[in-house]
Amino acid sequence: MYQLVAPAGTDRVVVTVLDRVGTPRGPSRTLTLPAFRRYVVENESSGPRWVWEDTARIYPELLRHSIRVARCHDLRLSHVILRNSSLTAQSDIRLGEPGPWDTPVPLEQAEASGPALFELVHDGGTDAGGTPLRQLEEFLLQLRAVAECAEPGRLRLLLAAESAGALIAAEMTHAGLPWRVDIHHDLLTQELGPRVAPGLRPERLESLAARIRVELGDSRVNPDSPTELLRALQKAGLPVTSTRAWALRELEHPVIEPLLLYKKLSRLLSANGWVWMESWITNGRFHPEYLPGGVVTGRWAARGGGALQLPKQIRGAVVADPGWKLVVADAAQLEPRILAALSADLTMAAAGRGTDLYAGIVASGVVETRDHAKVAMLGAMYGATTGESGRLLPRLAKAYPRAIALTETAARAGERGEIVTTRLGRSSPPPGAAWAAAQAKAYDPVATRLDESRARSQARDWGRFTRNFIVQGTAAEWALCWMAEIRKELRALAPEGDELFSTPHLVFFLHDEVMVHTPEGLADRVESIVTAAAATAGRLLFADFPVDFMLTTATVDTYAAAP
DNA sequence: CGACCCTGCGCG
DNA sequence: AAAGCGCGCAGGGTCG
């Protein structure tokens with residue numbers, strides 16, 4: 001059963017009950033927001049799938065009133081997938097001209113309350129029963145596209161997982177990540193010195209800057225300016241063409257040590273200093289905005305606060321509430337395991353069974369060290385051709401021909417400008433017009449050497465993108481299924497009380513890693529749930545193919561203590 | 001002054 | 001100009 005929800009004006013919502021194939025089962029009802037909330041609560045027990053345009057817009061309104069739903073269908077996110085998927089290439093949704101669903105209204109920045117989130121216009125008219133047609137017609141197109149494609153099961157799972165991700169993202173934003181500003185403050189003070197006014201350098205940075213100037217024999221150079229710094233380094237006789245840390249590390253000179261430290265600390269100050277703390281932490285919680293589907297591959301992005309880049313340096317400020325714990329779990333060697341399963345490479349899957357996959361590769365005698373195994377695998381998935389990674393690749397290819405063939409096939413497809421598709425049906429975007437033009441130019445009779453090499457280089461670039469897309473994208477699908485399963489089981493474990501987040505709940509997600517904030521007494525159960533969910537996700541994507549998705553899990557008081 | 005690009009670095 | 005993918009953000013620098 002579906003419940004279609006659409007805004008009507010700024011303070012009303014139209015709800016329509018739809019049957020399995022999307023036919024309205026009666027007239028729609030227009031509800032005020034309070035009536036809508038009651039409606040959701042009353043109907044949730046019958047297990048509907050709520051169909052709405054944009055979870056990020058409508059669900060926070062429910063969460064603010066401590067209302068959660070189990071399942072939804074996010075029309076906006078689903079549209080993007082179906083519009084691009086090779087599995088729905090023949091569908092009307094794919095063949096139609098681009099429309100309003102292809103240029104979604106961006107979500108306003110502000111955490112603005114209530115009605116602002118409903119300012120979508122009721123623009124598509126209604127049918128005789130009052131059903132909003134723009135949303136209904138889109139939903140019908142989507143249902144048809146899935147039902148008529150060759151492998152509806154995959155897309156159905158993908159859309160459900162993507163939509164569950166949207167619910168989780170909104171819930172995590174709402175709940176926030178537990179953050180101790182006192183600890184954060186102490187940490188900053190210890191590293192940088194006492195806080196000073198914005199624009200000034202704290203003591204520690206100031207003295208490092210002074211040392212840098214002395215060592216360079218330049219009394220005015222500003223280490224924050226790459227241009228000035230580069231010039232000063234060259235003047236001091238150092239053979240550098242950039243001021244990147246990795247390049248400086250190669251050099252031997254008294255300025256290097258203070259300079260590297262300066263860069264480290266100045267990064268801490270600008271990215272996660274006091275200003276950051278004051279703009280992003282409220283009432284002991286970090287509330288970043290997650291963007292499901294924000295990356296072409298299907299990974300999440302985040303906006304504001306750099307939520308997906310929390311440096312290890314400050315993870316000590318993430319601390320469970322008194323009487324609570326953090327259960328942190330990380331999928332070990334996720335992408336290579338995904339590659340093994342995608343390519344049905346039994347040998348590679350066996351190397352990772354019950355053990356660290358890289359250690360397993362070493363144990364199989366393919367390479368000598370774990371580090372070699374890792375760099376070779378990453379190189380295979382990213383398309384490295386030179387260096388250590390390039391040298392080791394042939395050995396991987398010999399040991400795991402199926403896995404390596406899959407990456408090579410994906411790369412060749414990209415080089416030809418073709419698209420590739422993940423396990424569940426998310427397809428890569430086609431290369432842009434500039435790319436195609438560059439390729440065409442190389443075949444022109446008057447093409448220059450430069451034209452040809454540029455075209456070749458761009459073709460290889462795109463090949464590396466598609467090579468990685470298929471693995472990264474499928475890993476993202478696995479992670480969505482993992483998280484959706486965790487969420488479902490956590491809700492079954494402990495029914496919610498009056499307080500929305502008084503029971504175990506997800507508070508953080510980072511591509512292949514999740515964090516659950518849980519009352520201490522339930523931590524063991526939560527660990528089991530997280531572990532079992534990984535196996536479930538593996539079966540959802542790869543049925544009975546024998547690949548392990550191993551986790552590193554830890555129950556800790558602070559994120560800094562997680563492995 | 002804002003809009004934009006570049007450099008550099010954090011995360012997976 | 002880091003070999004090799006995907007991101008976001010801050011600060012410097014330039015342009016209109």
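Numbered from 1 within each chain, the chains take letters A, B, ... in sequence-line order.
To the nearest angstrom, C1' of B/dC9 lies 16 Å from CH2 of A/Trp276.
Mapped onto DNA chain C by nearest heavy atom, A/Thr385 and A/Asn222 fall at different nucleotides, with A/Thr385 at the one closer to the 5' end.
Among A/Gln333, A/Glu335, A/Met348, the one residue that satisfies the side-chain contact (heavy atoms from CB on, under 4.5 Å) test with A/Met377 is A/Met348.
Remark: A/Ser270 is not in phosphate contact with C/dC9, judged by side-chain N or O atoms under 4.0 Å from OP1 or OP2. Not one side-chain nitrogen or oxygen of A/Arg299 sits closer than 4.0 Å to the OP1 or OP2 atom of C/dC7. In this model, the phosphate group of C/dA2 is approached by a side-chain N or O of A/Arg244 to a distance below 4.0 Å at OP1 or OP2. The phosphate of C/dG13 has OP1 or OP2 within less than 4.0 Å of a side-chain N or O from A/Thr227. Side-chain N/O atoms of A/Ser242 include none lying less than 4.0 angstrom from OP1 or OP2 on B/dT7. Here A/Lys312 does not reach the OP1 or OP2 of B/dC9: none of its side-chain N or O atoms lies under 4.0 Å away. Between A/Lys263 and the phosphate of B/dC9, there is a side-chain N or O to OP1/OP2 separation shorter than 4.0 Å.
Comparing atom distances between the A/Thr386 side chain and each of C/dG8, B/dC11, C/dA3 picks out C/dA3 as nearest.
Within the 4.0 angstrom heavy-atom criterion, base atoms lie near A/Val375. Within the nucleic acid shown, A/Leu334 has no heavy atom closer than 4.0 Å to any nucleic acid atom.
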### Query
A/Asp218 and A/Arg220: side chain to side chain contact (heavy atoms under 4.5 Å, CB included), yes or no, with the steps?
CA-CA 6 Å; A/Asp218 180 333; A/Arg220 3 186 4 158; 3.7 Å; yes
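Side-chain atoms of A/Gln472 stay outside donor-acceptor range of the base of C/dG6, with no qualifying N/O pair under 3.5 Å. For C/dC5, its base never sits under 3.5 Å from the side chain of A/Arg464 at any donor and acceptor pair.
Between A/Phe549 and A/Phe542, the angle of the ring planes stays under 30°, which puts this pair in the parallel group of the 30/60° scheme.
Taking the six-membered ring for Trp and the full ring otherwise, the centers of A/Trp276 and A/Phe286 sit less than 6.0 Å from each other.
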